2 protein chains.
Amino acid sequence: MYQRKIPIDYSCGLSIAMEVVGSKWKFCILDEISKGATRPRDLVKEINGISKRVLQNQLKELEMHDLLGKIVYSEVPLRVEYYLTPAGETLMPLIAAVNKWGEGYAPRLKEILEGEPTTVPV
Amino acid sequence: MYQRKIPIDYSCGLSIAMEVVGSKWKFCILDEISKGATRPRDLVKEINGISKRVLQNQLKELEMHDLLGKIVYSEVPLRVEYYLTPAGETLMPLIAAVNKWGEGYAPRLKEILEGEPTTVPV
DNA sequence: CAGGATCCGTCCGGATACTG
DNA sequence: CAGTATCCGGACGGATCCTG
């Protein structure tokens, strides 16, 4: 199993939050699930650039942290649906805020990454 | 240099945000700087578990993304101070919200990680 | 389809040493 | 003190195969 090098600082909200949702994908996953993409297959399809394997890991962690729940339908082929737990729901306003911030920041990032092509390249 | 596997989706706020602040340490760094720990040495001291090397990387990225600015005083020994840019300031409400969420979630995480020791161990 | 296991290359990050 | 470079072991993640 995974062993932390340093113990969690329960007194620091940021540490806690980063421990639980501080990864590149979790907000996206929670967001997509809230929008109705409840099955792993759909999530892989909807989330830009995530692989099946990484998704599975993230889902497992989110479930372990009680942010996601899971229903297994014993059908053939197998069907599984994830849903937001009450704890997961509490993240939605945060995710919305982060999303909004990102939208506002987008032009700046674009400028930074693509530079100012003031002169037309030959 | 660093080459993305997949192009950034500028239309998705979450993608943008994760690209820029989606790492374990950046919120902590910005938070500490806003609290007055402006020098790298202080940041290493204040931030639980970060190494000098990783800090330098994160500072460089934050500066590159225009969330942090930097003043170099030509003293001996050298002194450098980082500060929040206006763009960096726009993150503060978000960081506060994340921090607050983490505080609220802390008890649950503790319960999950440390289990329920209902019976007293010998 | 969900998801676990394995192989294996890549990259991250700690330790260390050096410069201005 | 701040910042960069190098070495190097370990973790991460893609590709693939297999099961229920």
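All chains are named by letter (A, B, ...) in the order of the sequence lines, taking the proteins before the strands, and each is independently numbered beginning at 1. For clarity, every value in this text was computed on a predicted model and none was experimentally measured.
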I need the [atom1]-[atom2] distance between [X] and [N], as an integer number of Å.
{"X": "B:Leu55", "N": "C:dA15", "atom1": "CG", "atom2": "C1'", "result": "17 Å"}
{"X": "A:Glu61", "N": "C:dG3", "atom1": "CD", "atom2": "P", "result": "14 Å"}
{"X": "A:Leu43", "N": "C:dC1", "atom1": "CG", "atom2": "P", "result": "14 Å"}
{"X": "A:Asn57", "N": "D:dA15", "atom1": "CG", "atom2": "C1'", "result": "15 Å"}
{"X": "B:Arg79", "N": "C:dG20", "atom1": "CZ", "atom2": "C1'", "result": "17 Å"}
{"X": "B:Leu78", "N": "C:dG20", "atom1": "CG", "atom2": "C1'", "result": "8 Å"}
{"X": "A:Glu81", "N": "C:dA2", "atom1": "CD", "atom2": "C1'", "result": "13 Å"}

Run the side-chain donor-acceptor check on residues 29-44 of chain B: report pairs under 3.5 Å with partners two or more places apart or on a different chain.
unit_1, atom_1, unit_2, atom_2, d
B:Asp31, OD2, B:Lys35, NZ, 3.1
B:Ser34, OG, B:Asp31, O, 2.6

To 10°, what angle do the rotation axes through the five end pairs on each side of the helix from C:dC1-D:dG20 to C:dG20-D:dC1 form? 40°
Below 4.5 Å, heavy atoms only, C-beta onward: do A:Trp25 and B:Met18 meet side chain to side chain? no
Measure from the side chain of [X], starting at C-beta and using heavy atoms only, and say which of [options] lies closest.
{"X": "A:Ser51", "options": "C:dA2, D:dG14, D:dA2", "answer": "D:dG14"}
{"X": "A:Pro40", "options": "D:dA2, D:dG3, C:dA2", "answer": "C:dA2"}
{"X": "A:Arg39", "options": "D:dG14, C:dC1, D:dG3", "answer": "C:dC1"}

Base, sugar-phosphate, or nothing: which does B:Tyr82 touch, judged by heavy atoms less than 4.0 Å apart? sugar-phosphate
Here's a test of your reading of the structure: between A:Pro77 and B:Lys70, which maps to the more 5' nucleotide of DNA chain D? B:Lys70
Taking B:Leu62 as the starting point, is it possible to reach B:Val72 by hopping between hydrophobic residues whose side chains are less than 4.5 Å apart?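 In one cluster with B:Val72: B:Leu62, yes.
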Side-chain heavy atoms nearer than 4.5 Å, only ILVMFWY residues, links allowed to pass through others: does that put A:Leu91 and A:Tyr83 together? no
Ignoring hydrogens and angles, are the base of D:dG3 and the side chain of B:Lys52 linked by a donor-acceptor pair under 3.5 Å? yes
For C:dG13, take OP1 and OP2 only and decide whether either is under 4.0 Å from a side-chain N or O of B:Arg53. no
